[in-house]
> 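Quick one: this structure, given as structure tokens, is what I'll be asking you about.
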Amino acid sequence: MIDFKEKLVDLFIEKYDQFERDEIMEIIETPPQEDMGDLALPCFKFAREFRKAPNLIAEEISANLPDNEYFQEIKNMGPYVNFFVNKELIASSVIKNVYAKGEKYGSSTLGEGKNVIVEFSSPNIAKPFSIAHIRTTVIGHALRNIYKFLGFNTIAINHLGDYGTQFGKLIVAFKTWGDKEVVEKDPIPELLKLYVKFHDVAEEKPELEDEAREWFKKLEEGDEEAYQLWEWFREVSLKEFNRIYEMMGIDFDSYAGESFYSDKMDAVIELLEEKGLLEDSEGAKIVDLEEFNMPPALITKSDGSTLYITRDLAAAIYRKETYDFYKNIYVVGSQQILHFQQMFKVLELAGFDWAQDCIHIPFGMVSMEDGTMSTRRGRVVFLEDVLNKAIEKTREIIAEKNPDLPDKEKVAREVGIGAILFQELSHSRIKDYLFSWDTALSFEGETGPYVQYTHARANSVLERANIRTCADIFALDGGEAPADLDAALENNVDFGLLVEDEAYQVIKQIYAFPDTVIKAMKRNEPFLVTRNIIELAQAFNKFYHEYPILVDDPEIRKARLLLVLSAKNVIKIGLNLLGIEAPEKM
RNA sequence: GCCCCUGUAGCUCAGUGGAUAGAGCACUGGUCUCCGGAACCAGGUGCGCAGGUUCAAUUCCUGCCAGGGGCACCA
């Protein structure tokens, strides 16, 4: 695909070779308004070099740059030189590229041979999979897709919270009040009840806490009864989690959770000891981080048992040894920023230069309209309920608007779940987030269903004309599909028919897609992809509204159909990157 | 108390060291013999406050204010 920004720099450097390509590349910007062109070269920085006012320089530059095929107009507006790309050329370039790359449009090989670990979701065993987990799950999944699409070899790890003192509590609660059959029937809500009850009762009877600690210790020491209960909790929980992952189309390459590292922590402690990093403090072992302006990292408790950070250190080392990662990404909430800073610093102090390849991707908190969630108090919105409500609402809409739709149930799931996922991926990660049923179940405007609808609508036009592939477009009116489609696209399409503003906006969004995916990877921000496809969908709907596609004129029809097909494909690619389905009909 | 994040339109959020700061929702009105109305179009006195750097700051720096989070035996 033609890189118009580079072409701009080429043109400029040819006339003004005293400048470096990179410095010009960096200052190029996008004008704030459409009628000001597509690219702009601000001339403020040239003032010293030319000893002139920027607007005079801009005037001179625009007069000096030669006519060329890439830009249909170059003119100065005040201190800027504005470039208007050749719309016919960009349309041709974009459509040919989408055709050539197909489902891989926007993909790349830039990550070839590099392993990227994405740790995400990581729910706690025996606790509900609530909307608090939705962000890590959805953002992590999208990031994994994006890295994969760019050629990285990804390893999705679900670092299950299957270890720790809460299991002592759970064992005590289950042994005291639990009933195996009741739990089997509805595992997580029942285990949650037990957990909540434990905390209620423990307020009156603090000795329960000691009992819980004791059971956790037994678990660590391999006590048979404790282990079997733990294993059972884990099994029934995973079964439930997998039901939800299946709904969302998410899978993992590894479920190595905290317990997986339980036998790998002594080595970590030894290592830190060897490096002389450990200090005794009030009976606990710590790594002092004062000179880095951080509180100490607590490696073992005064009773000798390990902590969260110890397990994470063991996990990081294990992952480096096992996967030799290029990046090790943790999609975990912003509450744990300090924890990761400490942990990465300890790795660095231990002499692991790959500590800098470990990246925490934080995101803001989820709260509810009526206050915060609390597992201990049982104030929780189950993710599955949210997904089911969204599906139910979609069913109602389908019943009302499209009762004859085939595969209704499948589509209802794809659209309902898509709505929830899309909403999660439409803001910067870091912002705190207020869960609202109204917003979650809104299907108009900048929403998943809107984008999916646009895709289905584009598909509908194509289907009406019996078009499944690009070749079909050339075979309309009973003609034969050309043997050489590349040649047909090159010689047999008048891309000049796609220069109306509405068509051009669609082209521009498709053109931006590959760079957007790369930017999303670099910033670890899937929502950049979301924005791009929303804007593409909006541009498409405007075009669709303004121009009939299936017109009598075969040349116009051909050009417009190519645009529709391209837009449809790119919307689908974008949705899939976000982990969302793109139904053909809805 | 110390550290981190956030503060843009009634609400939810984009955005950039520079040219008139944008979308969606909600609200009001309109499009509709035509390919899917989950659509399209029209309607707007907003960058928390105060300094500083700069030719140029909503964007960078400092202070303050507000909200959230974190700060040793939870994860």
Side-chain angles (χ1 to χ4, degrees), chain A residues 27 29-33 36 40 42 44-45 47-48 53-55 77-80 82 122 124 127 161 163-166 169 258 281-286 293-309 311-312 332-339 341-342 362 364-365 367 372 394 397-398 400-402 415 419 423 426-428 430-434 436 438-439 442-454 456-465 527-528 530-531 534-535 537-538 540-551 557 560-561 564 585-586:
Chain A
I27 61 173
E29 44 187 84
T30 308
Q33 279 176 256
M36 295 168 137
F44 305 97
K45 298 227 159 54
R48 192 183 308 166
N55 55 332
M77 296 170 86
Y80 295 86
N82 289 10
S122 311
N124 292 323
K127 297 234 190 107
Y163 207 71
T165 41
Q166 80 262 25
K169 295 178 184 175
E258 293 175 37
S281 172
E282 297 165 35
K285 287 195 160 91
I286 64 163
N293 198 25
M294 281 187 261
L298 200 63
I299 305 296
T300 63
K301 302 189 213 172
S302 44
D303 68 0
S305 59
T306 58
L307 284 131
Y308 181 41
I309 195 166
R311 290 191 279 278
D312 262 354
V332 181
S334 60
Q335 300 97 310
Q336 295 190 31
I337 286 175
L338 178 60
H339 166 258
Q341 283 174 343
Q342 289 178 311
M365 297 223 337
S367 53
T372 49
T394 310
I397 294 175
I398 290 173
E400 180 196 323
K401 302 195 177 191
N402 201 356
V415 174
Q423 200 214 357
S426 49
H427 311 310
S428 327
I430 200 66
K431 299 256 170 125
D432 283 347
Y433 167 106
L434 187 72
S436 139
D438 279 352
T439 318
S442 149
F443 291 1
E444 277 161 30
E446 296 175 342
T447 64
Y450 169 84
V451 176
Q452 288 172 318
Y453 173 78
T454 308
R457 198 186 208 190
N459 180 64
S460 170
V461 182
L462 296 168
E463 213 169 79
R464 190 168 281 263
F527 100 96
L528 294 172
T530 315
R531 293 287 346 151
I534 286 177
E535 277 160 28
Q538 286 171 334
F540 178 84
N541 279 322
K542 283 176 194 181
F543 172 76
Y544 178 92
H545 188 260
E546 198 64 32
Y547 297 96
I549 317 291
L550 301 174
V551 291
R557 188 178 54 195
R560 288 183 184 163
L561 279 168
V564 173
K585 293 185 196 313
M586 61 187 270

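Chain letters run A, B, ... following the sequence lines, proteins first, then strands; residues in each count from 1.
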> Could you report the tightest heavy-atom contact between A:Phe527 and A:His427, atom names first, then the distance?
CB-O, 3.5 Å

> Is the shortest heavy-atom distance from the side chain of A:Ser122 to the side chain of A:Glu258 under 4.5 Å?
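No, side chains not in contact.
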
> Donor-acceptor pairs under 3.5 Å, side chain of residues 544-551 of chain A to any protein atom, not counting sequence neighbours: which ones?
unit_1: A:Tyr547; atom_1: OH; unit_2: A:Glu502; atom_2: OE1; d: 3.4

> Of the options B:rA23, B:rG69, B:rA75, whose atoms approach the side-chain atoms of A:Asn124 most closely?
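Taking heavy atoms from C-beta onward, the closest nucleotide is B:rA75.
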
> Under 4.0 Å between any heavy atoms, over every strand shown, what does A:Ala40 touch: base, sugar-phosphate, or nothing? Just pick one.
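Base contact.
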
> Got a sec, which residues hit salt bridge (Lys or Arg N to Asp or Glu O under 4.0 Å) with A:Arg531, two or more places apart in sequence or on another chain?
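A:Arg531: salt bridge (Lys or Arg N to Asp or Glu O under 4.0 Å) contacts with A:Glu446, A:Glu535.
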
> Atom NZ of A:Lys169 to atom C1' of B:rA75: distance rounded to whole Å?
10 Å

> Just to verify, what does A:Glu463 make a salt bridge (Lys or Arg N to Asp or Glu O under 4.0 Å) with, not counting sequence neighbours?
A:Lys585

> Return the set of residues passing side chain to side chain donor-acceptor pair (under 3.5 Å) with A:Asn541 (not counting sequence neighbours), or none when no residue passes.
A:Tyr450, A:Thr454, A:Arg457

> Taking side chain as C-beta onward, heavy atoms only, is A:His339 less than 4.5 Å from A:Asp312?
yes

> Where is the tightest heavy-atom contact between A:Ile309 and A:Leu298, given as atom of each residue plus distance?
CG2-O, 3.2 Å

> Is A:Asp312 side chain donor-acceptor paired with the B:rA75 base, going by distance under 3.5 Å alone?
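Not at all, since no donor on one side and acceptor on the other fall under 3.5 Å apart.
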
> Using nucleotides 1-12 of chain B, report all nitrogen or oxygen pairs with the protein that are shorter than 3.5 Å.
unit_1: B:rG7; atom_1: OP1; unit_2: A:Lys431; atom_2: NZ; d: 3.4

> With rounding to the closest Å, how many angstrom separate the C1' atoms on B:rC60 and B:rA72?
37 Å

> For the pair made of CD in A:Gln33 and P in B:rG22, what is the distance, rounded to whole Å?
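One finds 7 Å between P of B:rG22 and CD of A:Gln33, rounded.
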
> On a whole-Å scale, what distance lies between the P atoms belonging to B:rU20 and B:rC25?
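Their P atoms lie roughly 28 Å apart.
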
> Between A:Ser436 and A:Asp438, is there a side-chain donor-acceptor contact under 3.5 Å, judged purely by atom types and distance?
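Note: A:Asp438 and A:Ser436 side chains miss the donor-acceptor criterion.
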
> Taking protein heavy atoms under 4.0 Å as touching, what does nucleotides 28-43 of chain B look like 5' to 3' if B marks base contact, S marks sugar-phosphate-only contact and - marks none?
-------BBSBSSS--

> If you assign each of A:Ile534 and A:Tyr308 to its closest nucleotide in RNA chain B, which residue comes earlier from the 5' end?
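First, find each residue's nearest nucleotide; the 5'-ward one identifies A:Ile534.
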
> Taking only the C1' atom of each, what is the distance from B:rA9 to B:rA56 in whole angstrom?
26 Å

> Determine the minimum heavy-atom distance between A:Ser442 and A:Thr447, stating which atoms define it.
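Taking A:Ser442 first and A:Thr447 second, the nearest heavy atoms are O-CG2, 3.4 Å.
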
> Taking atom C1' in both B:rC47 and B:rG22, compute the distance separating them and give it to the nearest angstrom.
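The answer is 12 Å between these two C1' atoms.
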
> Could you state the CD-P distance from A:Gln335 to B:rG67, rounded to the nearest angstrom?
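Result: 19 Å.
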
> Considering only the P atoms, how many Å lie between B:rU62 and B:rG69, rounded to the nearest integer?
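Looking at atom P only, B:rU62 and B:rG69 are 24 Å apart.
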
> Pick out the pairs of N or O atoms, protein on one side and nucleotides 71-73 of chain B on the other, that lie under 3.5 Å.
unit_1: B:rA72; atom_1: N1; unit_2: A:Ser281; atom_2: OG; d: 2.8
unit_1: B:rC73; atom_1: O2; unit_2: A:Ser302; atom_2: N; d: 2.5
unit_1: B:rC73; atom_1: O2; unit_2: A:Ser302; atom_2: OG; d: 3.3
unit_1: B:rC73; atom_1: N3; unit_2: A:Ser302; atom_2: OG; d: 3.2
unit_1: B:rC73; atom_1: N4; unit_2: A:Glu282; atom_2: O; d: 3.1

> For A:Glu29 and B:rG15, what is the distance between atoms CD and P respectively, to the nearest whole Å?
17 Å

> Any side-chain N or O of A:Arg311 less than 4.0 Å from the OP1 or OP2 oxygen of B:rA75?
yes

> Taking only residues two or more places apart in sequence, or in another chain, which ones meet A:Tyr433 in a side-chain contact (heavy atoms from CB on, under 4.5 Å)?
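Residues passing side-chain contact (heavy atoms from CB on, under 4.5 Å) with A:Tyr433: A:Arg135, A:Val366, A:Gln423, A:Glu424, A:Phe435.
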
> So A:Asn55, base contact, sugar-phosphate only, or nothing? Heavy-atom distance under 4.0 Å.
nothing

> Would you write the dot-bracket representation of RNA chain B, where each base gets (, ), [, ], | or . depending on whether it forms a Watson-Crick or G-U pair under 3.5 Å and with which partner?
(((((((..((((........)))).(((((.......)))))....(((((.......))))))))))))....

> Got a sec, which residues hit side-chain contact (heavy atoms from CB on, under 4.5 Å) with A:Phe443, two or more places apart in sequence or on another chain?
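Listed in chain order: A:Lys393, A:Thr394, A:Ile397, A:Ala419, A:Pro449.
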
> What's the NZ-P distance between A:Lys45 and B:rA19, to the nearest Å?
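A:Lys45 atom NZ is separated from B:rA19 atom P by 13 Å.
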
> Touch check for A:Pro54, heavy atoms < 4.0 angstrom, all strands: base, sugar-phosphate only, or nothing?
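No contact at all - A:Pro54 keeps every heavy atom at 4.0 Å or more from the nucleic acid.
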
> Can you see which heavy atom on A:Ser302 is nearest to which on A:Glu282, and at what distance?
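Closest heavy-atom pair between A:Ser302 and A:Glu282: CB-O, 3.8 Å.
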
> Have a look at A:Gln452 and say if it touches a base, only the backbone sugar-phosphate, or nothing, with a 4.0 Å heavy-atom cut-off.
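Since no nucleic acid heavy atom lies under 4.0 Å of A:Gln452, the category is nothing.
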
> If the C1' atom of B:rG68 is compared with that of B:rG36, how far apart are they to the nearest Å?
44 Å

> If the P atom of B:rU8 is compared with that of B:rC13, how far apart are they to the nearest Å?
9 Å

> Name all residues meeting the side-chain contact (heavy atoms from CB on, under 4.5 Å) criterion together with A:Pro296; count only those two or more places apart in sequence or in a different chain, and write none if there are none.
A:Ile286

> Quantified in whole Å, what is the P atom distance between nucleotide B:rU45 and nucleotide B:rG52?
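Result for the P pair: 30 Å, nearest Å.
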
> How would you list, by chain and number, every residue that makes a side-chain contact (heavy atoms from CB on, under 4.5 Å) with A:Asn82, sequence neighbours excluded?
A:Met36, A:Ala40, A:Met77, A:Tyr80, A:Phe84

